[in-house]
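Working notes for the structure below.
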Amino acid sequence: MDELSNQWKKARTQLQTTPADSSQLVGRARQRQRSSQYFQLGNILVLTISLIGVGAFFYWLAPVREVLSRVGVACMLGGLLLRIGIEVWSIFKSQKIQLGTTTLQATHEAVGYYSFRKRIHGPITLSIVALYILGFYLLTPEFSQYIPFNWMLLMHGSFVIMAVFLFVQIRKGIKKEMQSLAELIEIENDLQDTATGI
Amino acid sequence: MSSSPAQLPLFESLYQQYRPMVLQVCLGYVQGDRDQAKDLAQEIFINVWRALPQFRSEASPKTWIYRITVNTCLMYIRTTRRKEKVAQEAVALSDQFEWLEEGEREYQPLYQAIGKLPELERLIIMMVLDELDYEEISRVVGINAVNLRVRIYRIKNKLRKLL
């Protein structure tokens, strides 16, 4: 092992890099931090604009009168509101992963974050989508009184296409995150086994 | 919380002092792949900059840099799956991590052998090769030094077989 250690030291001498300017890296770090914040806030902003847009549409442009329709609007808006809340909570959770802590702790926090995402992707996302779809269909009876049949058909058709597209996109994201979760759990178990002397 | 300009001198000193160490760990972690190692090293120093406000002198700078290095390596594959953009940034900054390629080639078998170990074992054995004592490694990974000793013994045997 001593020989390997010497080899390792010699290998490092080959990595004696020329003095470099760290300010370029700092600039990149700041830029990365900003774009990460913009991305996270951007998601919340898009959802909030959608919430306001849908709300404004039903308040000023197409105020519904029947109770069933009002329940439908509440379902749609409620689902969006829930989604915004989850996005905010998700940012909070992701910021809890501190890289300057021990591997055991950082892995534990990362597993916690991905497990939280797993819960969101599972029953919570399904509930939100279900609420949205339910809300949309609860509006159909009242809408059909004012909108011609062909337009109703077009509206439902595009709704289904959009739902399928969204489903495929969300599924892709979920698969990647679940793979990360499985790998991190494996590392965490490995660390815990070592910690308990297994 | 983000790092302030007042922390620049500290970052500069950590960067100059630990750049070769970080780069070498990255090389071992990615089986000697130079481009990936540069990319990963860049990611580590970006994380060092971001974590600087949390740096307390409870841990030595070396232990702290090792913690960030190990944690970033373990998260790296997971996050870069989603961020192809990182590779483009690494190309733009690659001159920050230039080194003597001729001499480095000689040690490729060592990096490749280390890279064949499971992820966590790669990182632990590199700390051993860097002559960190068990207590220091324990402070990086968060496992009791006594239990770590047994684990390291097994990793050493695995590495010997791979070389």
Side-chain angles (χ1 to χ4, degrees), chain A residues 1-2 4-26 28-37 95 97-110 114 173 176-177 179-181 183-184 186-187 190-198, chain B residues 2-3 8 11-12 15-16 19-21 23-24 27 42 45-47 49-51 54-55 64 67-68 70-72 74-75 77-78 81-82 89 93 95-100 103-104 106-107 110-111 118-120 123 126 128-131 139-144 147-148 150-151 156 159 163:
Chain A
M1 206 62 202
D2 287 343
L4 274 181
S5 197
N6 286 333
Q7 214 183 331
W8 185 254
K9 274 186 222 155
K10 276 186 203 161
R12 183 167 299 174
T13 59
Q14 301 300 323
L15 300 176
Q16 295 304 327
T17 50
T18 49
D21 180 16
S22 62
S23 60
Q24 207 186 345
L25 206 60
V26 169
R28 185 68 66 183
R30 285 179 173 149
Q31 192 188 337
R32 181 83 65 83
Q33 199 156 9
R34 270 198 303 272
S35 58
S36 163
Q37 282 167 347
Q95 283 172 348
I97 305 172
Q98 302 285 340
L99 294 172
T101 58
T102 64
T103 316
L104 188 63
Q105 204 177 331
T107 314
H108 182 70
E109 280 165 8
Y114 281 108
K176 278 182 194 163
E177 285 195 3
Q179 194 182 342
S180 299
L181 175 64
E183 288 165 0
L184 283 168
E186 206 177 304
I187 293 170
D190 190 9
L191 279 164
Q192 276 166 349
D193 287 348
T194 308
T196 49
I198 295 172
Chain B
S2 59
S3 302
L8 259 172
F11 178 73
E12 177 69 31
Y15 181 61
Q16 299 301 348
R19 204 160 41 124
M21 177 189 93
L23 201 48
Q24 194 177 26
L27 271 170
Q42 182 206 313
F45 279 106
I46 286 178
N47 287 336
W49 169 253
R50 289 162 81 164
Q54 285 106 45
F55 176 60
W64 188 70
R67 279 179 177 178
I68 294 185
V70 169
N71 291 333
T72 306
L74 291 174
M75 307 292 165
I77 309 291
R78 278 108 211 150
R81 270 193 209 128
R82 296 192 298 271
E89 287 177 359
L93 284 170
D95 57 326
Q96 295 269 318
F97 295 99
E98 281 307 334
W99 63 78
L100 307 166
E104 182 259 331
E106 190 188 333
Y107 300 101
L110 176 62
Y111 293 130
E119 283 179 75
L120 187 63
L123 295 160
M126 285 190 278
V128 174
L129 291 172
D130 201 16
E131 293 183 335
R139 279 195 288 272
V140 173
V141 288
I143 294 171
N144 177 300
N147 294 330
L148 202 58
V150 180
R151 181 71 186 263
K156 280 180 183 172
L159 184 63
L163 279 161

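Below, chain A is the first sequence line, B the second, and so on; all start at residue 1. All values reported here derive from a predicted model rather than from experimental measurement.
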Self-check item: Closest non-hydrogen atom pair, B/V128 against A/S5
Solution: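 Looking at all heavy atoms of both residues, the shortest contact is O-OG, 4.5 Å.
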Quiz item: Which answer fits A/Q105, side chain, backbone, both or neither, if we ask what part of it has an atom under 4.5 Å from a heavy atom of chain B?
Solution: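 No part of A/Q105 comes within 4.5 Å of chain B.
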Exercise. Check whether any side-chain heavy atom of B/L123 lies under 4.5 Å from a side-chain heavy atom of A/T103, and answer yes or no.
Key: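 When only atoms from C-beta onward are counted, A/T103 and B/L123 do not touch, as no gap falls below 4.5 Å.
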Quiz item: So do B/D130 and A/R12 actually touch side chain to side chain, heavy atoms under 4.5 Å?
Solution: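 Answer yes - side chains close enough.
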To the nearest 0.5 Å, tell me how far [X] [atom1] sits from [Y] [atom2].
| X | Y | atom1 | atom2 | result |
| --- | --- | --- | --- | --- |
| A/K10 | B/L110 | NZ | CG | 12.0 Å |
| A/T102 | B/R139 | OG1 | CZ | 12.5 Å |
| B/N147 | A/L191 | CG | CG | 12.0 Å |
| A/I187 | B/M75 | CD1 | CE | 7.5 Å |

Quiz item: Would A/D190 and B/R151 pass as an ion pair if we require N to O under 4.0 Å?
Solution: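 A salt bridge is present here (some side-chain N lies under 4.0 Å from a carboxylate O).
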Self-check item: Neighbour count >12 (heavy atoms, 6.0 Å) for atom CD, A/E186
Solution: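 Count not over threshold, so no.
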Quiz item: Side chain, backbone, both or neither: which part of B/V150 has a heavy atom under 4.5 Å from chain A?
Solution: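 Neither part.
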Quiz prompt | Flag for A/W8-B/Q24: side-chain donor and acceptor within less than 3.5 Å | solution =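 Looking only at side-chain atoms, A/W8 and B/Q24 do form a donor-acceptor pair, the distance falling under 3.5 Å.
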